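For reference, the structure is listed below as structure tokens.
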Amino acid sequence: MTLIVGHRGASAYRPENTLPSFELAVEQGADAVELDVHLTTDGQLAVIHDPTLERTTSATGSVAAITMREIKKADAGATFAAPDGSHPYRGKRLKVPTLPEVLAWLPAGIGLVVEIKAREAVDATVEALRDSAVRAADAVTVISFDEASLDRVRELDPELPTGYLLVPFDKVERGLTYATEHGHLGVYPWEGDLGLDPTPFAAQAQAYGRRLACYVVNDPDRMLQLAAGGLWGFVTDVPDVARAALGPRPQAT
Ligand code: G3P
Ligand code: CA
């Protein structure tokens, strides 16, 4: 089975990295949700992609320079634009969530992929996940482009699964070697538009004992090709499209 991971939730339809976006991803049949974390000046884990607030909220400035209390005043639905150019979530009281808030919400049976966007966030992330239900269910992975961040995760908690983000897809073998040497279970290449047959890469990953998951895949034909090729999973902005392409989630037994 190839896992469908909702990229920043169901970010094609709702403001990325917000609880409504994560909720919709689950409603649409995602197996897991992906989110990004930064550390605030008062040591809280803000679920936000950019190091600054302006692209996704009504506020400006650096996440690392202000408190979570201040960030909570920002409208996290302010900038999301619908296809017709309107802003349907503006003024609807959407907030930037914290990682503990997402952990408290996450339904049983749904996985979590936490992307560390700032090295300063590593220690708090490992601590937040330590006693979480998703960790107990062995359904969480911590991923990063930053090799030092991943090494630090493994130093703090060697049992916590990690995933190495790399670009692009045709460098997978290098990523598999690196991940194996450093103990990272997952390898997440950027899918790009290379259109490469994934089968040999999936076979290589299996030979290395690693999980291969591409990001970001929104085309249903490509999703089918990746699933047929034996990929462990893929990250998508459109979990509904993915679920329609791959068929229903198997029922939990
Ligand atoms: O899931 C990996 C993907 O999210 C990495 O890219 O920029 O969306 O965080 P980005
Ligand atoms: Ca991400």
Side-chain angles (χ1 to χ4, degrees), residues 2-19 21-22 24-26 28 30-39 45-57 63 76 79-80 96-99 102-103 106 110-122 125 128-129 134 139-147 149-150 153 161-169 171-172 175-176 178-179 184-194 198 201 205 210-219 222-223 226 231-239 241-242:
T2 299
L3 294 187
I4 298 169
V5 182
H7 184 227
R8 313 178 198 172
S11 55
Y13 309 114
R14 289 188 180 169
E16 65 180 58
N17 280 322
T18 62
L19 280 171
S21 182
F22 301 136
L24 185 61
V26 173
Q28 292 185 338
D31 299 294
V33 293
E34 187 260 5
L35 55 77
D36 306 287
V37 291
H38 283 271
L39 197 72
L45 291 163
V47 175
I48 187 166
H49 181 275
D50 296 4
T52 53
L53 293 159
E54 42 266 32
R55 183 180 61 83
T56 55
T57 80
V63 176
T79 63
F80 176 86
V96 173
T98 64
L99 181 60
V102 177
L103 290 171
L106 192 72
I110 301 297
L112 185 65
V113 178
V114 177
E115 184 181 349
I116 305 259
K117 285 292 192 194
R119 204 172 287 175
E120 298 70 29
V122 169
T125 299
L129 292 174
V134 72
V140 64
T141 309
V142 175
I143 64 174
S144 188
F145 288 101
D146 181 47
E147 296 170 6
S149 291
L150 290 178
V153 172
T162 44
Y164 177 49
L165 281 164
L166 79 154
V167 184
F169 197 24
K171 299 289 187 293
V172 164
L176 287 168
Y178 177 83
H184 307 313
L185 180 60
V187 173
Y188 286 64
W190 175 58
E191 208 281 319
D193 291 316
L194 297 172
F201 301 116
R210 305 298 112 185
R211 295 172 174 172
L212 193 61
C214 282
Y215 69 95
V216 172
V217 185
N218 293 334
D219 175 69
R222 185 62 173 156
M223 292 169 179
L226 295 173
L231 246 70
W232 178 78
F234 58 80
V235 181
T236 180
D237 299 324
V238 286
V241 172

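First listed ligand is number 1; within each ligand, the first listed atom is number 1. Being a predicted model, the structure only gives us computed values, none of them experimental.
- Here the rule is side-chain contact (heavy atoms from CB on, under 4.5 Å) with E16, and of T56, L35, D36 only T56 fits it.
- Taking a cut-off of under 4.0 Å to the non-hydrogen atoms of V235, the atoms of ligand 1 that pass are 1 (O).
- Side-chain contact between V96 and T57 is present, with at least one heavy-atom pair separated by less than 4.5 Å.
- The shortest side-chain heavy-atom distance between E115 and S149 does not fall under the 4.5 Å cut-off.
- P51 places none of its side-chain heavy atoms less than 4.5 Å from the side chain of V63.
- Side-chain atoms of F80 and T18, non-hydrogen and from C-beta on, never get closer than 4.5 Å to each other.
- For atom 7 (O) of ligand 1, the nearest non-hydrogen atom of the protein is H49 NE2, 2.8 Å.
- Inter-residue side-chain proximity for Y178 and H184 is flagged as met; some heavy-atom pair is nearer than 4.5 Å.
- Polar contact with ligand 1: absent for Y215 (N/O pair, distance under 3.5 Å).
- The contact set between ligand 1 and R8, taken as ligand atoms under 4.0 Å from a residue heavy atom, comprises 7 (O), 8 (O), 10 (P).
- Atom OE2 is the N, O or S atom of E34 at the shortest distance from the Ca ion (ligand 2).
- Side-chain atoms of T141 do not come within 3.5 Å of backbone N or O of P161 as any donor-acceptor pair.
- Contacts between V113 and ligand 1 below 4.0 angstrom, taking non-hydrogen atoms only, are absent altogether.
- Summary: OD1 is the N/O/S atom of D36 found nearest to the Ca ion (ligand 2).
- Residues L231 and E191 form no side-chain contact, since every pair of their non-hydrogen atoms from C-beta on lies 4.5 Å or further apart.
- Polar contact check, K117 against ligand 1: a nitrogen or oxygen pair lies under 3.5 Å apart.
- Shortest contact from atom 5 (C) of ligand 1 to any protein heavy atom: E115 OE1, 3.4 Å.
- Near D36, with a cut-off below 4.0 Å to any heavy atom, the atoms of ligand 1 are 9 (O).
- Close approach of ligand 1 to L165 (heavy-atom distance below 4.0 Å) involves ligand atoms 2 (C).
- Closest N/O/S atom of E115 to the Ca ion (ligand 2): OE1.
- Every atom of ligand 1 is numbered from 1 in the order shown, and the set under 4.0 Å from a heavy atom of E34 is 1 (O), 2 (C), 3 (C), 4 (O).
- Using a 4.5 Å heavy-atom cutoff, the side chains of F234 and I4 are in contact.
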